[in-house]
Amino acid sequence: MKSGKASLQHYHDKRIPGQTPEPFASTRATGGSVFVIHQHAARHNHFDLRLEVNGSLWSWAVPKGPSVDPADKRLAVHVEPHPVDYAWFEGLIPEGNYGAGAMIIWDRGQWVPLADPEEGLDKGKLLFDLRGFKLHGRWTLVRTGRSKDSREWLLIKEQDAWVGRIPEPCPESVLSGLTVTELKSGAQPAVEARTRLRRSRLGCREPKASPPKPMLCRPGKPFTQAGWVFEIKYDGYRVMAIRRDGTVQLLSRSGRDIAANFPEIAEAVAALPYDDFILDGELVVEGPDGLPSFSRLQQRAQISRPVGVQRAAIALPARCYAFDVLCLEGYDLMPRPLLKRKQWLRHVLPGQGPIRYVDHIEKQGSAAFEQATAMGLEGLVAKRAGSSYQPGQRSDDWLKIPALKTDDFAVMGLVADGKDDFSSLLLAALDGAHWVYVGRAGSGLNRAERRTLRHALDRHESRQPAATVAETPRGVQWVQPRRAVEVRYKEFTRAGQLRQPVLLRHRDDKPAADCLLPPRPGDLQQPVAVDPPQPRQRVILSNQEKEFWPAVKGRPALTKGDMLKHYRAIARWMLPYLEDRPIVMTRYPDGIEGGSFFQHEAPKFLPDWIRRVPLERSKGTTTDYIVIDSEDALLYIANLGTIPIHVWSSRVQSIDRPDYCVLDLDPKGAPFADVMAVARELHGILDDAEAPHFLKTSGGSGLHILIPLGGQLDHEQSKSLGELIARICIRRLPDKSTIQRAVELREGRVYLDYLQNGRGKTIAAPFCARPNPAASVSMPLKWSELRAGLEPSRFHIGNAARRMRSLKQDPMTGLLTSDMDVTAVVAALGNLE
DNA sequence: GCATTCT
DNA sequence: AGAATGCAACGCCGT
DNA sequence: ACGGCG
């Protein structure tokens, strides 16, 4: 294997030191994971993707640049490796040199290979994560040419949580904010700025000896008022970024210069194309969820060895959220109105990069506060739009509005107040398998609420506390952590206790065991997450506009989105029939007129939160079956183009004991009136045998009759029971029913299929959609609905959920809970026969 | 619909 | 890249 | 032994 550094030969051969500003060394301690994308206006304007491996930058020329759309593959020509320091190079390469022209750092950050890169280069496939300012998430480079020496690759964005959720990258450098054209044309934003500032008749002031102190906030509450603007409050270090006489300072609140600790920010300050300015902002480090994480920032701040700092600048990079500019090019902006200053600030900063402009919302503070709270942000800062910057002052022109948090906690004890009241509750949350005490809360509930909660708690009285409590209050009564309460609080204290907790309500709908400990400040977190932040577990629904059911008379075409809408709306009725049961998908990726296939085995690409269960299928081979136990799982499966979902009659806990026996009434030429007649006959038979039984449409043209078994029979016995019932029916209605499998021999009679009772056999799940032109669904029916005029096709994906909402209850309620006395039923059926 | 393999 | 391919299964019964 | 059926 060639060493990375040795192969820099080509790079050196093409360039002459002293004549080009490009670097020639690899001196940076990066931790081996920097990537950069240069935009290079040389003979042709193009992009270069460079990935650090073994001390050099593997490079690809990407003529059209990267695309954030997975469908958009971009040619990438593999070129000679570059020295690592190249990732910090931005500038003009003079005429006459190799690659003469302007080059900007279009994006930069950390790259995380997801497979061995050396091997990948050899095999022609690299898979990696990018964590830049513009590019995020999973990418691949694949070699396309037929031979191994081909230099032609493709750069492809892989499907992930970032796709479609990030804005189109802006064209500017993430460092200087210059476009490649501006750099080439020698644009001088500083000169333009000076001209404009002079014209605005601002007095030019001598720079003060010492930098201004930061303006401070008073506390406030959310409000809506014209003349005010609202900014997100970032959870980090307040910094003043100062550029003067070619030097850069990052001053913390205490006046310490922390530029050496955050070189990536200092570098960005130095790269802005202005000579003299002071920015006010907040330094943050993002957590795995993409929100500012104070504990990560503290981790970062503790790193001081230069080598460690350089690595951390790539792996745990800081951002500076700038919200004010105090002076610019020798002009004092502090007396100017806030919004004027912010105009300048926005003008000065790149659209994307380590230093970000903090935008604001005008007037609507209350709405903004709602949003900020929901997003888990620290809060808002309200600022008077016309206010000046008052250094070192705690002013009423700036108000900080902290977000309140709301979480559920388990009650582990109470301080009683009389027989049916309490003065406070002791609260706990689950940290893994252990309960952790989080403090006491008293206020918030009225007398009546406290009384009912007290009664509920008294039932769980316990001798032992569920978690260690540092200071046990007098008169405490411990209870088992069974009851959950919703609590609003400001934050966790350093000691891990709730600050300013207020009880909101008794969560009698939530098991206490679901009260997980929210992340608290000071919790040691993973230093670096390799996966991109997943913006919430949500199913990405694709191709919602694809036509799945063609139009029929009286109804326009239905799309995959219509089907997903059905499954989302019906989930609450359908999930009880799916939980714990293996399913089989029948997939129609291109709608009912496209190809279809069955799928038993859970595809490997399913996300890991979808449950699978290994079951022996034929001897020796096991298959991982899918189990749908949530709305998200149902939607994910439906999004795969699954139209009907077939379920086992048994659950994984008791896979050999079906919960019901099914009789499938299959016409096939027989009139539906006959199907109903046969169903009515079976209804009578089962009533006489005192066997509970339920009815649903199969979704096609037939009906299903289901008999709950209460786990008393195995699959074989269930099948025999079905056969017995079928034979009785045939004896009574020989002209209308049959168990002949061959269609010809049925002679127009209704086929009573009892053979769907058996291990691994399935039926179309209640409420599942069917691939017929009507887009009908399998619908539970009341027996009273079995009368002239019933048409199974009247229940379809467009109205099924509406029907269920209007019914008082699911007609099949009881299928999964009621059972029967098997011996009595079989005896009764024997008599009928 | 999606991964994988072939060209 | 673009195209093609796989994605289930087994017992029943009549010939 | 094969083929249609669900």
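Below, chain A is the first sequence line, B the second, and so on; all start at residue 1. The structure presented is a predicted model; accordingly, all values stated were derived computationally and were not measured.
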Rounded to whole angstrom units, what separation is found between the [atom1] atom of [X] and the [atom2] atom of [N]?
X        : N      : atom1 : atom2 : answer
A:Leu154 : C:dG2  : CG    : P     : 9 Å
A:Leu665 : D:dG6  : CG    : C1'   : 15 Å
A:Gln756 : C:dG11 : CD    : C1'   : 11 Å
A:Arg746 : C:dC12 : CZ    : P     : 17 Å
A:Asp664 : D:dC5  : CG    : P     : 16 Å
A:Glu601 : C:dC7  : CD    : P     : 10 Å
A:Asp753 : C:dC10 : CG    : C1'   : 14 Å
A:Tyr754 : C:dC13 : OH    : P     : 7 Å

Are [X] and [Y] close enough that their ring centers fall under 6.0 Å?
X        : Y        : value
A:Trp783 : A:His683 : yes
A:Tyr625 : A:Trp648 : yes
A:Trp139 : A:Phe128 : no

Query raised in the report: Is it true that A:Arg74 and A:Asp72 have a side-chain N and a carboxylate O under 4.0 angstrom from each other?
Result: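 Here A:Arg74 pairs with A:Asp72 in a salt bridge, since their nearest N and O are under 4.0 Å apart.
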
Query raised in the report: Any ion pair linking A:Lys123 and A:Glu119 (charged N to carboxylate O, less than 4.0 Å)?
Result: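 Here A:Glu119 pairs with A:Lys123 in a salt bridge, since their nearest N and O are under 4.0 Å apart.
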
Just to be sure I understand the rule, does [X] reach a base, reach only the sugar-phosphate, or reach nothing, if contact means heavy atoms closer than 4.0 Å?
X        : answer
A:Gln159 : nothing
A:Leu745 : sugar-phosphate
A:Ile156 : sugar-phosphate

Query raised in the report: A:Lys668 side chain N/O closer than 4.0 Å to the phosphate oxygens (OP1, OP2) of D:dC5?
Result: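 No.
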
**Report entry** Any A:Arg759 side-chain N or O less than 4.0 Å from OP1/OP2 of C:dG11
**Finding:**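 False: A:Arg759 side-chain N/O out of range (4.0 Å or more) of C:dG11 OP1/OP2.
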
Query - Pi-cation contact, A:Phe597 with A:Arg587 (under 6.0 Å, within 45°) - result: no

Query - From C:dA8, D:dC5, C:dG14, nucleotide with atom closest to A:Gln740 side chain - result: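 From the listed options, C:dG14 comes nearest.
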
Query raised in the report: Does a sphere of radius 6.0 Å around CD in A:Gln544 hold more than 12 heavy atoms from other residues, nucleotides or ligands, not counting ones at 6.0 Å or beyond?
Result: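 Enclosed.
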
Query - Span that lies between the P atom of C:dA8 and that of D:dC5, in whole angstrom - result: 23 Å

Query raised in the report: Closest nucleotide of DNA chain C for A:Ala742 versus for A:Lys761: which of these residues is on the 5' side?
Result: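 Nearer the 5' end of the strand: A:Lys761.
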
Report summary line: Whether each nucleotide of nucleotides 1-7 of chain B has a protein heavy atom under 4.0 Å at its base (B), only at its sugar-phosphate (S) or at neither (-) is summarised, 5' to 3', as BSS----

